[in-house]
Number of protein chains: 2
Amino acid sequence: MTIADIARRSGLSPATVSKVLNGRPDVSARTRLVVQEALVGAGYRRRGSLEAPPLIDVVFNDFDSPWAIELVRGAAAAAQAEGLTVAFTALSEGDERRIWFDHITSRGTRGIMLLLSKLTERQRGELAARGLPFVVIDPTAEPGPEVSSVGATNWSGGLAATKHLVELGHRRIGVITGPPELLCSRARLDGYRSALETAGLAFDDDLVLSGDFRMKAGYDQAQVLFGRRRRPTAIFAGNDLSALGVLRAARDAGLRVPDDLSVVGFDDIPLAEWSTPSLTTVRQPLIEMAAVAVRILLDSSGSDESLGRRVELATDLVVRESTAPPG
Amino acid sequence: MTIADIARRSGLSPATVSKVLNGRPDVSARTRLVVQEALVGAGYRRRGSLEAPPLIDVVFNDFDSPWAIELVRGAAAAAQAEGLTVAFTALSEGDERRIWFDHITSRGTRGIMLLLSKLTERQRGELAARGLPFVVIDPTAEPGPEVSSVGATNWSGGLAATKHLVELGHRRIGVITGPPELLCSRARLDGYRSALETAGLAFDDDLVLSGDFRMKAGYDQAQVLFGRRRRPTAIFAGNDLSALGVLRAARDAGLRVPDDLSVVGFDDIPLAEWSTPSLTTVRQPLIEMAAVAVRILLDSSGSDESLGRRVELATDLVVRESTAPPG
DNA sequence: GGGTCTGGGCGAAACGTTTCGCTATAGTCG
DNA sequence: CGACTATAGCGAAACGTTTCGCCCAGACCC
């Protein structure tokens, strides 16, 4: 089954078929469609499958967070073990999505790993037609069943963090979530809610604020919480970065952590161990998550089954210095 | 001038010539040489020069520091503006250098950006033969004149940091340097020395310790300094990461920063602004440095001149909360 | 309406790359 | 020392990719 066969089937030249396969621009939409049908119909595969470029693409929104860094590092390590390199694309705010996508597909890749990002329906289709796998880490919305994704047990993590605070004796526990549209933010919040329920504590809307996973948000929202009539004695931050913002806000407000305020983060970035005070947090195995994602990409690279896989790795509460019984 | 011509000239097949051009392993050393001579003799160039893969490679030792991250981000941004992608390779400790090098060269790249790393003589030759440019950021040793490199004004930075402390009234100023083999570490230390001299202060060997740019080293060495007969009233850390280690050590030793101890870092990583207390530091324009490096790669990609460029961008003292007059 | 220009879309042919098998040489065993 | 095996090195041919020019449709001008 060669390119020439496809060309004959579809009444076009081998050159044109090649262009479609490589996402070249000088093919009309109609022709492209005809070729793609012929490709699928004939079950075409490149001959030596070794031609696939030894690249794995990691794409993320410009959040320059340690969280992303850890994932990239994990991906790089896993890729290197397979003789692959990680190429990475940071999407800045206003970026037209087409740009990076065209870029990656025209250059070729072994698979695409999306951090917190989403593909358009069109893009999904194009990838499927070319047999390029992709996997989402911490998907934004509930992804379809045919989309592979990797995450952590966010709900359990939120539960564990809150339970820890409750067991220390805290009754008023503030929350600063991540962006509400993210699945992981919502799961963590639900874990919090569930822990309160189990403990027989009321859920108070006034104590729940949303942030964006950055330090500044943690800082600002912590100040809001400090201004509440009855100040919470503990804060569960959506991630470590905002938890660090909370620590900072506490210091500026003259509150001692953990004596006057307990703080729990989420992620366990390397910094959490070195902040002052060191941060109690819910550890996500980011390195492993990236490794799993790479494995999914490589596995699904060969096979045609379009059934997605959903993997959730376990989280782990790491107790350090930022939590204590309320003063 | 095609591959076939070269083949005829050297009495070999086009296939073999192609293999040489692509660094394939199944060519004997002699044959490879013959072909390379023929290539040079005939002045061969690939036809469409557009085939150069749209990749820039960033290679660094596994230091997982925010410093490297900033540079990678800068490189990614600059590359994206040119329609290129950044591929990145983290060298772990025991890595055989050949591995990554063969990998990158066989896959192809537009240029290589080395962070704190070094190439062997052989590798330099191989890159030159293939016309692949490279640039070093913060070179380890004095690089030859034909090597391009980008850095910051480390000496001035060290000078400015120390001068700042001296002007605040500090007389005993400890230093925790980076790895001594790095040019930038030594330059910063010399700046420190020079500032002391200008101020008429004696240089005391007991106050100079070396670290490795990580938090733990900052922490450990700070404890050593605290144990000195006359404890220093200020510490100049080789980079922000070790400065954070110092902050932590100070807290564990019951010293208040900046009342009992002033701390200055180097780099101005994003975190410096958010640490508690926020860190006075010498800012390196990392993003710009990476952008300059990318520009050098692309500029020298076309031309044959093998003369290296050395660029040093200006550093800048950023005064925050971690420095004050000695108590 | 006819001429001219422009650009998108396609294919022929030139080109580079890869696979696969052949050959010669080195290494191994009895 | 001969037979057998393994391996490195190379080339023919199959294959995919790219360039370049042709064709044609639409826009524009006169």
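Everything quoted here is computed from the prediction, not taken from an experiment. Just so it is clear: chains get the letters A, B, ... in the order the sequence lines come, proteins before strands, and each one is counted from 1.
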Under 4.0 Å between a side-chain N or O of Asn22(A) and OP1 or OP2 of dG16(D)?
->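 For dG16(D), OP1/OP2 do not have a side-chain N/O of Asn22(A) under 4.0 Å.
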Look at Ser28(A) and dC10(C) and indicate whether a side-chain polar atom (N or O) is within less than 4.0 Å of OP1 or OP2.
->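 Checking Ser28(A) against dC10(C): at least one side-chain N or O falls below 4.0 Å of OP1 or OP2.
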Distance in angstrom units between [X] [atom1] and [N] [atom2], rounded:
| X | N | atom1 | atom2 | value |
| --- | --- | --- | --- | --- |
| Arg8(B) | dG16(C) | CZ | P | 11 Å |
| Arg30(A) | dG9(C) | CZ | C1' | 11 Å |
| Arg32(A) | dG9(C) | CZ | P | 9 Å |
| Arg24(B) | dA8(D) | CZ | P | 16 Å |

Which of the following nucleotides, dG9(C), dT17(D), dG16(C), is nearest to the side chain of Ile3(B)?
->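 Closest nucleotide among those given: dG16(C).
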Please tell me which of the listed nucleotides, dC15(C), dT17(D), dG9(C), lies nearest to the side chain of Thr31(A)?
->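 My answer, after comparing the listed nucleotides, is dG9(C).
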Looking across every strand, which nucleic acid part, if any, lies under 4.0 Å from Val27(A) by heavy atom: base, sugar-phosphate, or nothing?
->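 It contacts sugar-phosphate atoms only.
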How would you list, by chain and number, every residue that makes a side-chain contact (heavy atoms from CB on, under 4.5 Å) with Ala76(B), sequence neighbours excluded?
->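 Ala76(B) satisfies side-chain contact (heavy atoms from CB on, under 4.5 Å) with Phe88(A), Val86(B) only.
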Could you pull out all residues at least two apart from Leu33(A) that satisfy side-chain contact (heavy atoms from CB on, under 4.5 Å)?
->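 Residues passing side-chain contact (heavy atoms from CB on, under 4.5 Å) with Leu33(A): Gln36(A).
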Report each atom pair, protein N/O against N/O of nucleotides 11-13 of chain C, whose distance is under 3.5 angstrom.
unit_1: dG11(C); atom_1: OP2; unit_2: Ser13(A); atom_2: N; d: 3.1
unit_1: dG11(C); atom_1: OP2; unit_2: Ser13(A); atom_2: OG; d: 3.0
unit_1: dG11(C); atom_1: OP2; unit_2: Thr16(A); atom_2: OG1; d: 2.4
unit_1: dG11(C); atom_1: O6; unit_2: Lys19(A); atom_2: NZ; d: 2.8

Would you indicate whether the side-chain heavy atoms of Leu55(A) and Leu84(A) approach each other to under 4.5 Å?
->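 No, every pair of side-chain atoms sits at 4.5 Å or beyond.
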Working for side chain to side chain contact (heavy atoms under 4.5 Å, CB included), residues Phe60(B) and Thr89(B) = CA-CA 7 Å; Phe60(B) 55 97; Thr89(B) 306; over 6 Å; no
Salt bridge between Arg214(A) and Asp212(A), side-chain N to carboxylate O under 4.0 Å?
->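 Yes, charged N to carboxylate O under 4.0 Å.
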Test item: side-chain donor near acceptor, Ser149(A) and Arg310(A), under 3.5 Å =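 Present: a donor and an acceptor within the cut-off.
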